[in-house]
Amino acid sequence: MSSLQFDIAHLLAGSLVLASFMMLYQDRLYALLNVYALHAGVLALSVAWQAYVQQAPHLYLTALIALVFKAIIIPVALHRIIRRLGIHREIENVIGIGLTMLAGIGLVALSMVVMLRVTPGADALAREDLAFALSVVLLGLLIMVTRRNAVSQVVGFMSLENGLVLAATGAKGMPLVVEISVAFSVLIAFIVIGIFLFRIRERFDSVDVQALDRFRGERR
Amino acid sequence: MSIDALSAILLIPAVSAALLAILPGYRQTAKLNVVAALATFLTSLSLFVVEPVSGQYLLVDDLNKVFIVLTTFVSFTTSVFSASYIQHEIETGRLAPAFLRFYHAMYQTLMLAMNLALVANNIGLMWVAVEVATLTTVLMVGIYRTHEALEAAWKYFILGSVGIALALFGTILVYMAARPVVGEGLDGMVWTVLVKHAAQFDPALLNVAFVFLLLGYGTKVGLAPLHAWLPDAHAEGPTPISAVLSGLLLNVALYALLRFKMMLAVNSAAIAPGPLMVTMGLISVIFAALMLYRRRDIKRMFAYSSIEHMGIIVFAFGMGGPLANFAGLLHMTMHSLTKSAIFFAVGHIAQVKGTQKIADIGGLTATNPALGWGLMLGVIAIVGLPPLGIFMSEFLVVSSTFARAPWLTVILVLGIIIALGGLFLRVGAVMFGEAKGKTAPAEASYVPMFTHLGLVLMAGIYLPPALVTGFQNVAKLLG
């Protein structure tokens, strides 16, 4: 593999981590969704590049799913749901943005240390890819735990899932990648439909998960 | 391709799920559900007679035969219970008949997903099956559309999704570890190939992979501190689903974990998975035992008891060795049978009394003797009193590990005793004392409950030698 190919793959995977960081400090739902669309777009580019480098045509399908489903359909659908539910204004963070960013930097450092140390045998591209992918996964988890709002938790989960697709495409020749990305899309579609069908807004008057907590079966 | 038993246990639920999704009329469809579950169970028995050929995608060996037979048997008895349960739900109007079509289709889809996870020889396929099983149970937990049910379903959804996401990352890492040795493509995900070559895999990568797999599938097993979804999902869903969740789905996730444990055991340079599992198991036992004291909802209480027992099972498998593995397998079987029997009883009790709150239920042995004494017998079994099966398996777990790790075993026994106290304290008032709540006789089918309890009692007194040798073989496989 030429060094240019490696550099471009590296650049795209790095951009994905950067996009995850951008999601960390968004304080409005619409903005968060836009950054997520960007995140999915970068993923699509990255997967397409892997498909080209590895000469694995089936990965183009995964890239197409990322582009059409994740970067366009899901953000548009969530936009509409947010407007219908009237919750576009604010996202309540559990901890401050400064601390969240620091925690994010810590997580990225952690995943670099862990992944680069345990994969000396693997080829350079796969190694870096895995390290970046783990960063994206951990940052997605961070988004999920620092947000109280159900929609932004879902967005956090979807960014986490993008990290997994990055890891799966980086592992050269891995079978079932397309099937797994389809399975994940089904899962996400269910979640999004779930927000809407369960009418969390109507039921609870808020998509704030704290409000859900009131209904714990055991509190009297 | 001719249809052998292996594909039949997948085809029967798949076809009946499709049929049940379109057929109207809940009486007939409930019967069809039972028939389909029975057919799957009988087919799974035939696996012992004629062993089908394993391929790159599907696999049958001694280990998963045990799981498959247990799964299909409890699925069948639960479908019998479910038929009488939903009839009551329809009559009281808690469930609309339209929802039943969905419910039955989902029930069979769940059977399909669990069977597929158990027979999958491909770790990617296994992951997909566990995901589908999660999704179907999420949909069923939320079926009542109440505040609590939606919250439980949502929590289960989010935590379960994070769990399966972590498991997928672990799966990818396993593939990465395998690729330099077995080459690219399908072979890198076929479990039998992986086990054969695991000794040459990079141990560091395998270690990290196992941590992710343990966290991911461990979420689904309900190990503390990843258990948060479990009590809610058990308490708010329909009771047949609580029975299947506790009795079967937790086992399926555990089975996935065991497969990876077997793979790691081949590689001597990789970390031993045992200590990690032992630690998580013990934490779960102690935590769940303490949580039992403050429960006010009867279904939540037994959900915490499931966490405790999964902890004991994971502890036993974590200790390893033929004896502890045997004890773990036996305990898993006994727990599945007992816990689902308890949920059968609890389901009917909640229907009779119209509530799940422990404070509002009382004097059951006087008002509904069959249900009351059935539950009592189940509780006596689940806390591990002789002469029932769980006493025997817990005794085996403790005695097989005592010589190797006395302190750990002391902690385990302490947890079991604390749990015993908690359960009896809470259940005592429900059983005896003054009668509270409605006293209408139950229109229950007692057959599934007493069948399970009878089997547990029998296992406590006499284990058939064929079963013992079978379990011993599997225990040897587990290493």
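Quick note on labels: first sequence line is chain A, next is B, and so on, each numbered from 1. We use all heavy atoms of the structure for the numbers below, so side chains are in, but hydrogens, waters and symmetry mates are not.
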Count the heavy atoms of every other residue, nucleotide or ligand shown that sit under 6.0 Å from CZ of B:F287, and state whether that count exceeds 12.
yes

Interface moiety of A:L141 toward chain B, non-hydrogen atoms closer than 4.5 Å:
side chain

What is the distance from atom CD1 of B:I164 to atom CG of A:L164, rounded to the nearest 0.5 Å?
10.0 Å

What distance separates A:M158 CE from B:S161 OG, expressed to the nearest 0.5 Å?
12.0 Å

Tell me, for B:L173 versus chain A, whether the close heavy atoms (under 4.5 Å) come from the side chain, the backbone, both or neither.
side chain

Please list all pairs passing the salt bridge (charged side-chain N to carboxylate O under 4.0 Å, His left out) test where one or both residues lie in residues 208-219 of chain B, with sequence neighbours left out.
none

I want to check something: taking the side chain as every heavy atom from C-beta on, are B:F212 and A:V137 in contact at a cut-off of under 4.5 Å?
no

Between A:I180, A:V186, A:L134, which shows the greatest number of heavy-atom pairs under 4.5 Å with chain B?
A:L134

What part of B:L135 gets within 4.5 angstrom of chain A, counting heavy atoms only: side chain, backbone, both, or neither?
side chain

Between A:M174 and B:T171, is any pair of side-chain heavy atoms under 4.5 Å apart?
no

Can you tell which part of B:N122 gets under 4.5 Å to a heavy atom of chain A, answering side chain, backbone, both or neither?
side chain

Heavy-atom contact with chain A under 4.5 Å, split by part of B:F169:
both

Sort A:L160 into side chain, backbone, both or neither according to what part of it lies under 4.5 angstrom from a heavy atom of chain B.
side chain

Tell me, side chain or backbone of B:A235 under 4.5 Å from chain A's heavy atoms, or both, or neither?
neither

CD of A:Q153 to CH2 of B:W154, rounded to nearest 0.5 Å, is 7.5 Å

Within a reach of under 6.0 Å around CZ of A:F21, are more than 12 heavy atoms found that belong to other residues, nucleotides or ligands?
yes

How many angstroms lie between atom CE of A:M115 and atom CE of B:M176, to the nearest 0.5 angstrom?
7.0 Å

Structural part of B:V162 lying under 4.5 Å from a heavy atom of chain A
both

